[in-house]
Visitor: 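Encoded as structure tokens, here's the structure I'll be asking about.
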Amino acid sequence: MGIDELNKSYEPRDVEEKWYQDWIDKSLFKAEDSSEKKPFSIVIPPPNVTGMLHMGHALNNTLQDILIRYKRMQGFNTLWMPGTDHAGIATQNVVEQELAREGIHRHDIGREKFIERVWQWREKYGGIILNQLKKLGCSCDWSRERFTMDEGLSRAVREVFVRLYNDGLIYQGDYIVNWCPRCHTAISDLEVEYETEATHLWYIRYPYADGKGEIVVATTRPETMLGDTAVAVNPEDERYKDVIGKKVILPLMNKEIPVIADDYITKEFGTGAVKITPSADPNDFVMAQRHNLDIVVIMDGRAVINENGGRYQGQDCYTCRMNVVEDLKKEGYYVKEEPYTHNVGRCYRCKTIVEPMVSKQWFVKVKGLAKTATAAVVKGETKIVPSMWEATYFDWLENIRDWCISRQIWWGHRIPVWYCDECGKIIVAVEEPEKCPGCGNAALRQDEDVLDTWFSSGLWPFSTLGWPEETDALRTFYPTSLLITGFDIIFFWVARMMMMGLYVMKDVPFRRVYLHALVRDEKGDKMSKSKGNIIDPLKMIDKYGADAFRYTLAVFTAQGRDVKMSEARIEGYRHFINKIWNAFRFSMMNLSDYTENSGELKPEDYSLADRWIKDRLNRTVDDVNAALEEYRFNDATSRLYQFTWHELCDWYLELIKPVLYGENTNRKKAAQETLLLVLRETMKLLHPFIPFVTEEIWQKISDNEKSIVISEYPAAKEEWVDGEADLMFAYLKEIITTVRNIRGIMHVPPAKKMKVHWFCPDEAVQHIVSTGTHYIKDMAGLTEFSHLAEKEEEPKGVAVGVAGPVKVYVFLGGMIDIEKEKARLQKEHAKTSTDIKRVSRKLENPDFLSKASGEVVQKEEAKYAELKERNRILIDALGNLSAMAE
RNA sequence: GGGCGGAUAGCUCAGUUGGGAGAGCGCCACGUUUACACCGUGGAUGUCACAGGUUCAAGUCCUGUUCCGCCUACCA
């Protein structure tokens with residue numbers, strides 16, 4: 001392998017596709033249904049089949065890939081189950097739009113043909129996002145890819161529906177639900193987004209039927225008065241005590257409705273009297289049930305006033321609102337209007353204002369399921385990380401309301417309920433019945449509705465493993481080990497999977513849940529198309545490589561913090577990837593004459609540098625493993641950055657250059673062996689984060705192993721621990737840095753070699769420094785680094801530095817710049833003096849001496865002595881300078 | 001209304017049982033040393049939001065305040 005073949009800069013583009021294909025060809029991501037190895041499984045949060053990879057996906061899947069690759073390298077039987085969900089409303093919207101371009105409405109072609117079109121669309125575009133995950137490097141077991149509308153998963157959906165129904169946990173009824181007039185379907189409470197909007201509060205006069213006076217109500221939705229069936233006041237309200245039970249005339253409709261009393265009414269708000277529209281307001285609906293009020297539906301599914309709206313029939317509700325207000329004014333019922341802000345609910349899919357509407361829907365009774373789901377987390381069967389999200393999870397489950405699962409769209413799992421129009425029987429079954437079991441009628445009619453997409457994704461952790469069949473995969477991988485997802489879908493998905501998993505499997509769907517934050521732009525704003533601050537992950541991968549992109553995401557993933565992303569940051573971490581690449585190039589250049597195991601090396605062949613870097617590596621291995629076990633992605637990546645760049649590259653590679661270029665063959669061999677070892681271990685440590693570049697390098701440095709993907713993840717080794725080397729090297733590093741510091745401040749260019757003398761009364765330290773003299777000379781650029789036996793020999797007219805217990809005299813050649821040196825020494829002296837003051841304050845405090853631990857006191861005392869000595873040296877040096885100046 | 005999170009260097013953020021304020025980027029100076037200018041060496045920069053309290057000792061623990069962000073809620 002010649003160095004000429006290696007680019008000076010790392011070029012990700014050629015490399016990434018090559019290795020991804022190789023991994024697939026070698027089937028490295030495949031999980032075993034049954035195995036001797038311990039299982040570790042993650043199910044992907046299935047992206048919408050209509051989706052395109054955005055930053056949120058990129059973060060979510062990068063984190064999953066890091067952990068799954070880590071566990072795979074640790075020897076687990078790992079499964080990362082991929083797939084997509086059918087995204088009922090979103091997908092239907094997309095295909096409807098496609099049809100609209102051809103001038104077709106779905107009703108023109110009918111349900112069956114429409115579904116066919118959706119499947120065609122899915123064939124063509126459905127795989128896009130999964131292919132994008134491959135670009136990111138995701139090591140999913142693609143042979144197991146699932147789709148929520150697959151036959152197997154659909155069967156699971158019907159099975160669960162039937163079980164829930166038979167257990168009395170699913171019911172149908174006329175209730176008020178959130179209705180999206182554009183999507184033309186009911187949606188669940190979670191699918192409504194509230195936004196505060198500026199509007200008005202209208203005051204309207206409702207005259208008493210007996211002609212004696214009137215009651216004034218306040219409303220934000222005057223048009224709904226067409227469906228009013230009562231006016232309500234608080235029973236405690238003195239103003240209205242006498243009118244409870246009286247009738248009022250509903251203006252415009254000319255109809256009598258009662259005045260009722262209900263605790264729900266706040267006396268202080270508005271006039272204390274509220275118009276009640278059970279068909280268009282959730283609170284009014286509940287009140288209507290309490291008081292047995294009529295429910296008059298005044299709108300159709302498109303939010304257009306229907307025949308119950310009298311003269312307003314045919315108007316959409318916003319036009320109707322204007323007309324109602326106009327007519328109220330004309331007819332003398334209008335009192336006033338005030339500016340007012342309140343929350344308006346919008347459909348999370350299409351942002352249309354949601355109408356509360358009464359209609360016949362299917363619901364899941366969730367109270368009991370929610371209790372079980374809560375208990376599982378309380379008992380620790382599932383652990384939520386970071387734990388602060390537990391409170392959110394508990395709170396939501398505690399206040400949960402029944403889940404509306406029916407949707408009035410065509411794309412989705414059709415509700416497995418059939419009606420017999422002959423005898424009125426309702427049949428709930430997994431398989432379509434051929435005839436009515438009651439009367440034998442063969443002409444059965446299936447319920448028109450489909451299920452909420454989240455109903456099927458709630459089953460994802462076991463339906464993807466083959467349930468209701470009792471498969472090996474299910475036995476091996478359920479409960480899954482870990483779920484990684486964004487906190488924003490804790491209710492949509494996490495809580496529902498918990499409920500479904502516990503209900504169906506009698507065990508939690510996952511042992512742990514790691515919730516990550518959102519990706520925002522560099523200013524902390526949410527990324528959105530309308531703001532134009534979107535960063536396209538694919539463009540970033542294309543430009544900087546998947547590795548740089550992934551590393552950036554991981555580095556910024558601190559627990560409980562949003563990830564603020566900018567292109568400049570990704571570019572920054574590309575530099576890191578390039579640094580790794582060049583460390584590799586350097587190694588290749590210096591390993592060409594090295595053959596492994598070509599003879600025994602003795603312990604003394606290994607230099608201090610060799611011993612030191614192995615010790616550092618070992619500590620890094622420890623830290624990275626610990627961080628990954630606790631999902632501290634930022635700690636793991638920062639530590640690896642620090643080690644690779646600032647320990648391996650900045651120090652070790654520089655330290656061994658003289659050995660590699662030198663004549664001592666055993667020393668050189670030891671350095672080469674160490675270099676190769678450290679490089680291999682470092683690549684393995686880095687691989688889960690940056691899979692591509694590490695594989696590219698691994699293939700050239702490994703001992704004919706198949707792939708780094710299945711290499712063994714480094715674990716700390718006793719034999720690498722070397723506290724002595726670490727301690728020794730700390731002294732040498734400090735001396736080197738001190739000399740470099742003086743060189744820098746005095747503007748001595750690196751090419752100009754300097755002469756340095758040193759003095760140290762401590763014999764142990766003397767020994768260490770003497771042993772490391774060659775390192776100091778090489779790393780600080782010195783011609784000479786000689787020891788002074790006696791302090792009296794100290795030279796004059798030199799710069800003086802203090803490196804711990806070691807005093808260094810730097811010969812600057814020619815005349816020393818006295819002013820500059822003076823300034824430098826004075827500054828250091830000032831700093832030391834401040835430190836001395838702080839330390840002595842402590843040591844003079846009897847409370848400190850008596851109450852602080854002996855260890856701490858000792859530390860402070862040592863610190864004091866060291867600082868004192870340093871200051872003495874500095875004062876000496878300053879004195880010498882003044883003497884020179886005279 | 002309820003809940004949660006945040007406030008540390010110019011920017012973005014680490015800081016795990018309380019015991020010498022850190023990193024990355026940016027900035028300044030010097031430097032083309034045959035791995036890397038996507039580089040090297042050195043340097044500067046902080047009332048750790050504010051006010052109290054506990055403690056020998058507080059960025060770290062407690063209480064309160066201010067300002068930001070998010071989630072949640074049925075007040076017309």
Side-chain angles (χ1 to χ4, degrees), chain A residues 3 6 8-10 194 201 217-221 224 232 264-266 268-277 281-287 340 342-343 356 386 388-389 391-392 395-396 399 487-488 490-491 517-518 520 522 524 526 544 548 555-556 558 560-562 564-566 568-569 571-590 626 630 632 634-635 638 641-642 646 649-650 653-654 657 661 737 740-751 779-781 835 838-839 842 845-853 855-857 859-860 863 867:
Chain A
I3 183 76
L6 298 175
K8 218 167 153 182
S9 306
Y10 175 63
Y194 290 92
L201 196 56
V217 300
T219 180
T220 53
R221 301 199 57 193
T224 62
Y264 163 76
I265 308 300
T266 313
E268 292 72 27
F269 190 90
T271 60
V274 185
K275 59 188 270 320
I276 302 300
T277 322
D281 183 285
N283 302 307
D284 295 4
F285 180 81
V286 185
M287 214 180 302
Y340 187 69
H342 75 142
N343 287 336
M388 63 173 173
W389 290 110
T392 308
D395 186 63
W396 187 73
N399 299 308
F487 68 80
D488 51 327
I490 189 166
F491 309 135
L518 256 47
R520 296 171 179 279
E522 55 192 318
K526 222 170 178 167
Y544 304 108
V555 156
F556 285 100
R561 277 262 192 183
D562 284 338
K564 288 185 194 158
M565 186 49 61
S566 74
R569 291 190 183 151
E571 196 182 348
Y573 282 97
R574 182 185 54 169
H575 299 173
F576 177 54
I577 307 296
N578 194 53
K579 187 75 179 178
I580 294 168
W581 177 252
N582 275 289
F584 157 65
R585 281 182 71 225
F586 170 82
S587 306
M588 290 310 287
M589 290 171 70
N590 291 290
E630 292 168 35
R632 287 183 283 115
N634 60 326
D635 284 345
S638 308
Y641 186 98
Q642 157 75 16
H646 299 305
C649 291
D650 287 352
L653 296 190
E654 297 303 329
K657 276 178 183 174
Y661 304 151
T737 308
R740 281 173 170 177
N741 177 342
I742 290 170
R743 177 193 280 278
I745 287 172
M746 295 301 164
H747 289 176
V748 181
M779 299 294 280
D835 289 346
R838 202 187 45 239
V839 176
K842 277 191 185 179
N845 183 349
D847 284 333
F848 174 75
L849 296 174
S850 61
K851 289 179 183 166
S853 77
E855 204 184 335
V856 171
V857 174
K859 223 167 122 187
E860 291 296 316
K863 197 191 301 173
L867 286 167

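None of these values were measured; they are calculated from a predicted model. Just so it is clear, the values below take in all heavy atoms, side chains as well, and ignore hydrogens, waters and symmetry mates. So that the names make sense, note that chain A is the first sequence line, chain B the second, and so on, each numbered from 1.
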Visitor: Does a side-chain heavy-atom distance below 4.5 Å link I580(A) with Y10(A)?
Guide: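 In short, these two side chains do not touch, never coming nearer than 4.5 Å.
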Visitor: State, with a plain yes or no, whether a side-chain heavy atom of L201(A) is found less than 4.5 Å away from one of H342(A).
Guide: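 Heavy-atom side-chain distance check fails, nothing below 4.5 Å.
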Visitor: Quote, to the nearest angstrom, the P distance that separates U8(B) from A44(B).
Guide: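 23 Å, rounded to whole Å.
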Visitor: Need one value for L653(A): base, sugar-phosphate or nothing, where a base atom within 4.0 Å counts as base even if backbone is also close, heavy atoms only.
Guide: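 Answer is base: heavy atoms of L653(A) come under 4.0 Å of a base.
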Visitor: Hey, does the side chain of T271(A) reach the backbone of A273(A) with a donor-acceptor pair shorter than 3.5 angstrom?
Guide: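 Flag set: sc T271(A) to bb A273(A) pair under 3.5 Å.
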Visitor: Between D562(A) (side chain) and L518(A) (backbone), is there a donor-acceptor pair under 3.5 Å?
Guide: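 Pair found, side chain donor or acceptor close to backbone of L518(A).
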Visitor: How close or far is atom C1' of A23(B) from atom CZ of F556(A), stated in whole angstroms?
Guide: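 Rounding to the nearest Å, CZ of F556(A) and C1' of A23(B) are 11 Å apart.
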Visitor: Starting from the 5' end of RNA chain B, give me the residue, R838(A) or A583(A), whose nearest nucleotide shows up first.
Guide: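 The residue mapped nearer the 5' terminus is R838(A).
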Visitor: For G20(B) versus G10(B), give the span between their P atoms, rounded off to a whole number of Å.
Guide: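 Nearest-Å result for G20(B) against G10(B) at atom P: 23 Å.
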Visitor: Taking A23(B) as the reference, what is the distance to U66(B) when you measure between their P atoms (whole Å, please)?
Guide: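 One P to the other, the span is 36 Å.
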Visitor: List every contact pair, protein side and nucleotides 69-76 of chain B side both N or O, where the distance is under 3.5 Å.
Guide:
residue: A73(B); atom: N6; partner: N343(A); partner atom: ND2; Å: 3.3
residue: C74(B); atom: O4'; partner: N283(A); partner atom: OD1; Å: 3.4
residue: C74(B); atom: O2'; partner: N283(A); partner atom: ND2; Å: 2.7
residue: C74(B); atom: N1; partner: N283(A); partner atom: OD1; Å: 3.3
residue: C74(B); atom: O2; partner: N283(A); partner atom: OD1; Å: 3.2
residue: C75(B); atom: O2; partner: T266(A); partner atom: OG1; Å: 2.4
residue: C75(B); atom: N3; partner: T266(A); partner atom: OG1; Å: 3.4
residue: A76(B); atom: OP2; partner: Y340(A); partner atom: OH; Å: 2.6
residue: A76(B); atom: O2'; partner: A218(A); partner atom: O; Å: 2.8
residue: A76(B); atom: N6; partner: T266(A); partner atom: O; Å: 2.4
residue: A76(B); atom: N6; partner: F269(A); partner atom: O; Å: 3.1
residue: A76(B); atom: N1; partner: T266(A); partner atom: N; Å: 3.1

Visitor: Quick one: does any side-chain atom of R743(A) pair with a main-chain N or O of G781(A) as donor and acceptor, under 3.5 Å?
Guide: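 Side chain of R743(A) to backbone of G781(A): a pair is present.
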Visitor: Using the P atom as the reference point in each nucleotide, state the distance between A58(B) and G53(B) in Å, no decimals.
Guide: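 My reading of the P atoms in A58(B) and G53(B) gives 12 Å.
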Visitor: Can you check the E630(A) CD to U16(B) C1' distance for me, whole Å?
Guide: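 After rounding, the gap between these two atoms is 8 Å.
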Visitor: Taking atom C1' in both C36(B) and A21(B), what distance in whole Å separates the two?
Guide: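 One C1' to the other, the span is 32 Å.
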Visitor: Is the shortest heavy-atom distance from the side chain of L867(A) to the side chain of V839(A) under 4.5 Å?
Guide: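 The answer is yes, as the side chains (C-beta and beyond) meet within the 4.5 Å cut-off.
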Visitor: What integer distance in Å separates R569(A):CZ from A14(B):P?
Guide: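 Between P of A14(B) and CZ of R569(A): 12 Å.
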Visitor: Specify the separation, in whole Å, of atom CG of N845(A) and atom P of A57(B).
Guide: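 Atom-to-atom, N845(A) to A57(B), this comes out as 7 Å.
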Visitor: Going by side chain to side chain contact (heavy atoms under 4.5 Å, CB included), name the residues that satisfy it together with Y544(A), two or more places apart in sequence or in a different chain.
Guide: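 With sequence neighbours excluded, Y544(A) shows a side chain to side chain contact (heavy atoms under 4.5 Å, CB included) to M540(A), A548(A), E567(A), I570(A), E571(A), R574(A), given in chain and number order.
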Visitor: Check RNA chain B for consecutive Watson-Crick or G-U pairs with both distances under 3.5 Å and list the runs of at least three as stems.
Guide: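 RNA chain B stems, ordered by first number: B:1-7 with B:66-72, B:10-13 with B:22-25, B:27-31 with B:39-43, B:49-53 with B:61-65.
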Visitor: Rounded at 0.5 Å granularity, tell me how far NZ in K859(A) sits from CD in E855(A).
Guide: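 These two atoms lie 7.5 Å from each other.
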Visitor: Rounded to whole Å, how long is the line connecting atom NZ of K859(A) with atom P of A57(B)?
Guide: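 Value for this atom pair: 18 Å.
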Visitor: Is I490(A) close to W396(A) at the side-chain level, that is, under 4.5 Å between some pair of heavy atoms?
Guide: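 W396(A) vs I490(A): side chains apart.
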Visitor: Distance check, C1' atoms only: C13(B) and C48(B), in whole angstrom units.
Guide: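 Each nucleotide's C1' atom is 13 Å from the other's.
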Visitor: Going by side chain to side chain contact (heavy atoms under 4.5 Å, CB included), name the residues that satisfy it together with D395(A), two or more places apart in sequence or in a different chain.
Guide: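 For D395(A) the side chain to side chain contact (heavy atoms under 4.5 Å, CB included) partners, ignoring immediate neighbours, are N399(A).
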Visitor: Please report the distance, rounded to the nearest Å, between CG in L849(A) and C1' in C56(B).
Guide: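 Nearest whole value for this atom pair: 9 Å.
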Visitor: Does a side-chain N or O of Y661(A) approach OP1 or OP2 of A35(B) to a distance below 4.0 Å, or not?
Guide: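 So the side chain of Y661(A) is within the cut-off, an N or O lying under 4.0 Å from OP1 or OP2 of A35(B).
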Visitor: Can you tell me how far C1' of G19(B) sits from NZ of K851(A), to the nearest Å?
Guide: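 Whole-Å distance recorded here is 16 Å.
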Visitor: Run the side-chain contact (heavy atoms from CB on, under 4.5 Å) check on V555(A) and N634(A) step by step: do they pass?
Guide: CA-CA 4 Å; V555(A) 156; N634(A) 60 326; 5.7 Å; no
Visitor: The side chain of P749(A) is closest to which nucleotide in this list: G31(B), G20(B), G5(B)?
Guide: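 From the listed options, G31(B) comes nearest.
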Visitor: Does any non-hydrogen side-chain atom of W581(A) lie less than 4.5 Å from one of K8(A)?
Guide: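 No; the side chains remain at least 4.5 Å from each other.
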Visitor: What's the gap between A14(B) and G5(B) when it is taken at their P atoms, as a whole Å value?
Guide: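 Roughly 14 Å separates the two P atoms.
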Visitor: Is there a donor on the side chain of E654(A) or the base of A35(B) sitting less than 3.5 Å from an acceptor on the other?
Guide: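 Yes.
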Visitor: Take nucleotides 38-45 of chain B nucleotide by nucleotide from the 5' end and write B, S or -, depending on whether a protein heavy atom sits under 4.0 Å from the base, only from the sugar-phosphate, or from neither.
Guide: BSSSSSS-
Visitor: Report the residues that fulfil salt bridge (Lys or Arg N to Asp or Glu O under 4.0 Å) with K851(A), sequence neighbours left out, ordered by chain and then residue number.
Guide: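 Salt bridge (Lys or Arg N to Asp or Glu O under 4.0 Å) check on K851(A) returns nothing, list empty.
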Visitor: Expressed in angstrom and rounded to an integer, what is the separation of K842(A) atom NZ from U55(B) atom P?
Guide: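 In whole Å, U55(B) P and K842(A) NZ are 17 Å from each other.
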Visitor: Categorize A751(A) for me: base, sugar-phosphate, or nothing, with a 4.0 angstrom heavy-atom threshold over every strand shown.
Guide: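 Since no nucleic acid heavy atom lies under 4.0 Å of A751(A), the category is nothing.
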Visitor: What interatomic distance, in whole Å, is found between C1' of U60(B) and the corresponding atom of U55(B)?
Guide: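 Each nucleotide's C1' atom is 13 Å from the other's.
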